Amino acid sequence: MTQQDQNMSSWSLTAPGIHGEPVPMRDWSREEVDVCVVGAGAGGGVVGAKLAEAGFSVVILDAGPHWDPMNDFISDEHASSKLYWTDERITGGDNPVELGTNNSGRGVGGSTVHYSMIALRAHPDHFRRRTIEGAVENTDHRDWPLAFDDLEPYYEEVEEALQIAGPTFYPWGKPRRRRYPQREHELSASANVLVRGCAKLGIPVAPSPIATLSAPHEDRPPCVYRGFCNFGCTTNAKSSILVTYIPRAIRAGAEVRGNAMVARITHDSRGRATGVLHFRKGSDELFQQRAKSVIVAGYAIESPRLLLNSSSSLFPQGLANSSGIVGKYFMVQSSEQVFAKFPERINQYKAPPPGGAITEHFNRTMPGVGFVGGYTIEVIGPHPVDFVAKMAAGRGLWGAELRREMFDYNHFSALGMVGTVMPNRKNEVKLHETERDRYGLPVPHVIFSYHENDKRLIKHSIAKMKEIFEAAGGTDVWSDHRTSHLLGCCRMGDDPADSVVNADCRAHDVPNLFICDGSVFPNSTGVNPSLTIQALAARTADRITDMARRGELW
Amino acid sequence: MTPIEFLGLYPFQWLAIITAGTAFFLMIDALVGHYRRAFAYRMQYAPVVTGTALVVAALLAAGFPDLPLLNQLLSWAGWLAAATGLVGFAYHFYYGIVTKPGGLKWILHYLMYGAPIFAPLGLTAAGVLGIITAHGLAGEHAVFGLVMPIALFLFVAIALAGAIAQAGILHYRGAFNNPAMYAPLTVPSLAMIAGVWMALAPSTVARAAFAVLLWMTLLVGFIGFGMHLRGLDREMGGLYLWHVNLLEGPPQGAPGLFIAWAAIGLVGMYLL
């Protein structure tokens, strides 16, 4: 950033602070900034904040509002729907993905505002799945262009920034070089059930590392175990991007602009990105934000959609899509859930949903099971409205019977899994031919079908979760289908012909365009992806800083 | 060995007062902690009852040091409190760790979140202090086969070990979020070593080191009170929700133990 830029922008804006008071923010709307980040979630928040701190002029745009945690979040299950991306989307395939709830976020902080905070590192093997597992028919899973060791320092960096509370010894993955910044949380009653069941079956189980404070940190208090984490944390104990990286970005001079829906990325005649065009709330006018480079961090549906919507005579297939891979290899993570009733009171909604215990025992390629990949078993804590829907769908209860069963809500415990899903070219995000959203932009058409391997993994996981519940003394054991975590569509790779970005998340076709979110995953890991997305974003920020200093960027 | 009067009271009167104060803080801690678990077991009332008995007996003995009956009463109350502490330790170990899901394999978790394992031994220590004090008030120069100052120095070293261990566990749980949280681990540890040194091989150097470290431990205790209050304020709702955070935040009485144990060492050093 030049001295001239410094002088031109002013601290004339305000943004909601995390304690309910507005904080001063810079206005970059009329300038050409060094970096424009589209999306203020796990990827965009981290990369934007780090670049701002490195001295670049940064604007971070998000389609949703800039939340004020003290005033906008309400401890109410229904009020949380505003945190989800509920714009129109068309789904298809054999297993159409339910969208607009747990797997999407809208607003500054993205889905980290409502996620379950489970902060797991991927295993070194997850980055070399093709080498280890070999080819699987009808899929194209492949190794990552980077290794675990490339990400390890960045895992440590984001764990420190988010003050992850985790166990002293975590038995899975590569042994840690440094202890978790904070200690694990106390087990909830649901987690007790998991520990009890696993202990009986001899399955290793450990405290779960989560992005929630277990001790005070700076101006944020430790968790008080209310259990409303998925509806926006009102105490700031939850280390969402909104209360961690976003305040850092603003302090470092970035502008974080909420209610700014980016319609397309503009480029010059040489094919270099020159900024973005976006709609602001309450206006049909397209605003331009000029930028020397653009980072797309809209997650696995909106990122490819934006690239496809940015097609031009120079890029007829969509921006950065000479390979034709943009939108292809869309993945979810299977998240089957199993429920059981217990004689003692569980109060499953209490405490953070991960409850404090986890087992990654099945998160590895297991011999003789008939599938590759693995899954993690976690505690979940659905609130009543969510739970009653699962009860109706999973057990087919209705009317008086359903009502009677709901009286025992406090006696139910729930387990969920996060499983790998094979990347399949037929699973894709494309632009719908006819449907248009309120801005007149083509809506995304999301097509998804499980692979045979995924189905076998799901079956295995449900059987295991039921076994654990039965060993723990549960009755009325039943299961329900669910998916979570959207991945793929802009996969990273070394070969420009069959990947969209390289290991630095830099687009092969457009040298000043980066993609920095879950969409760059070439395959899925058996753990929740947020920490890996954040580590990737932290690494990308360092790479961009290096490249800019060497003059390779602009 | 001539006992030295300090502020009008003889050393063993001071020790009786310290016994009462320690027992009071430990009793309050037990009350708050057991109230937090809603007195799920009837035994959870035991430290409240025996702790109160020790407070009363120690205060009476301090007030009327010449009445042998009250000395005897303090001795009995001491034995009772000491026994309660040992039983409590067994209870905390068994119900707080062994019978929990995962059991001993999860000992690290339950040391942090189960019943505070070393807390009952604090009551045992207070009880033992009561017994020593009763012997001293009766004019005896030795207890448990040790001359008084040596007995007190060893007592201080052992009692400090327990307090350091419990503070270590709970400050580890708090991830040492403030560097000051290392203070009750470092300074009293050195004081403990100096205490043993002083008891086994007394010398001017050992005496000087022990004295300095005891005064520093005393200071750590007083600063600890302030820091624990600040810790309470850093919980959600802070001091405004003091009645809630009293149960969730740092134990407000705990730093007092360092004051008590250091004070005993100082009494043994300057007044006996």
Side-chain angles (χ1 to χ4, degrees), chain A residues 70 160 163-171 179-200 202-208 213-226 233-238 344 351 355-357 359 468 471-473, chain B residues 33 36-38 40 95-117 167-182 226-251:
Chain A
M70 290 292 127
E160 193 62 35
Q163 290 287 301
I164 305 297
T168 308
F169 303 107
Y170 191 69
R179 212 167 41 209
Y180 278 108
Q182 292 202 341
R183 302 292 82 76
E184 72 220 38
H185 286 266
E186 188 173 5
L187 292 177
S188 71
S190 268
N192 274 339
V193 169
L194 175 64
V195 175
R196 208 163 67 209
C198 285
K200 206 154 185 189
I203 299 171
V205 57
S208 61
L213 300 184
S214 64
H217 178 66
E218 290 169 357
D219 53 352
R220 294 163 49 214
C223 181
V224 289
Y225 304 101
R226 296 161 61 253
C233 176
T234 56
T235 70
N236 288 330
K238 175 180 188 169
E344 74 268 26
T359 175
I468 290 170
Chain B
R36 186 165 181 262
R37 293 293 184 218
Y95 290 107
I97 300 175
V98 177
T99 60
K100 288 277 171 93
L104 283 169
K105 273 191 181 166
W106 280 62
I107 189 166
L108 271 178
H109 182 80
Y110 294 122
L111 281 177
M112 291 192 281
Y113 291 109
I117 189 76
I169 291 168
L170 292 179
H171 285 190
Y172 178 70
R173 177 174 100 184
F176 295 99
N177 68 74
N178 189 317
M181 290 166 83
Y182 286 105
M227 295 304 283
H228 276 212
L229 199 63
R230 180 163 180 273
L232 189 148
D233 194 35
R234 291 184 74 192
E235 295 282 317
M236 184 62 200
L239 290 172
Y240 175 71
L241 288 179
W242 65 269
H243 50 290
V244 179
N245 289 332
L246 207 55
L247 303 184
E248 300 299 324

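Since the model is a prediction, treat every value here as computed from it, not as a measurement. Numbers restart at 1 for each chain; the letters A, B, ... are given by sequence-line order, proteins then strands.
Contact count versus chain B (heavy atoms, under 4.5 Å) is highest, among Pro207(A), Ala191(A), Ala237(A), Pro167(A), for Pro207(A). The choice from Val205(A), Leu213(A), Val193(A), Asp219(A) that makes the most heavy-atom pairs within less than 4.5 Å of chain B is Val205(A). Among the candidates His217(A), His185(A), Lys200(A), Glu218(A), the residue making the largest number of heavy-atom pairs closer than 4.5 Å to chain B is His185(A). Among Gly231(B), Pro101(B), Ala175(B), the residue with the largest count of heavy-atom pairs under 4.5 Å with chain A is Pro101(B). By number of non-hydrogen pairs under 4.5 angstrom with chain B, the leading residue of Cys223(A), Ser214(A), Ala206(A) is Ala206(A).
In Arg226(A), the CZ atom is crowded: over 12 heavy atoms of neighbouring residues, nucleotides or ligands sit closer than 6.0 Å.
Only the side chain of Tyr110(B) comes within contact range of chain A, with heavy atoms under 4.5 Å apart. Residue contact with chain B, scored on non-hydrogen atoms closer than 4.5 Å, is absent for Tyr180(A).
Rounded to the nearest 0.5 angstrom, Tyr225(A) OH and Met236(B) CE are separated by 14.5 Å. Between the NZ atom in Lys100(B) and the CZ atom in Arg196(A) there is a gap of 12.5 Å [rounded to 0.5 Å]. With values rounded to the nearest 0.5 angstrom, Leu108(B) atom CG is found 10.5 Å from Arg183(A) atom CZ.
A 4.5 Å side-chain heavy-atom check between Leu187(A) and His109(B) finds at least one atom pair inside the cut-off. Trp106(B) places a side-chain heavy atom less than 4.5 Å from the side chain of Val195(A). Looking at Glu184(A) and Met112(B), their side chains come closer than 4.5 Å, going by heavy atoms from C-beta outward. Contact annotation: the side chain of Glu235(B) approaches that of Pro222(A) to within less than 4.5 Å [non-hydrogen atoms, C-beta and beyond].
Panel note: side chain Arg173(B), backbone Gln182(A); no donor-acceptor pair is recorded below 3.5 Å.
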Stepwise side-chain contact (heavy atoms from CB on, under 4.5 Å) test for Arg179(A) and Tyr172(B):
CA-CA 12 Å; Arg179(A) 212 167 41 209; Tyr172(B) 178 70; 3.5 Å; yes

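Across all non-hydrogen atoms, the minimal contact from Asn177(B) to Ala215(A) is ND2-CB, 3.7 Å.
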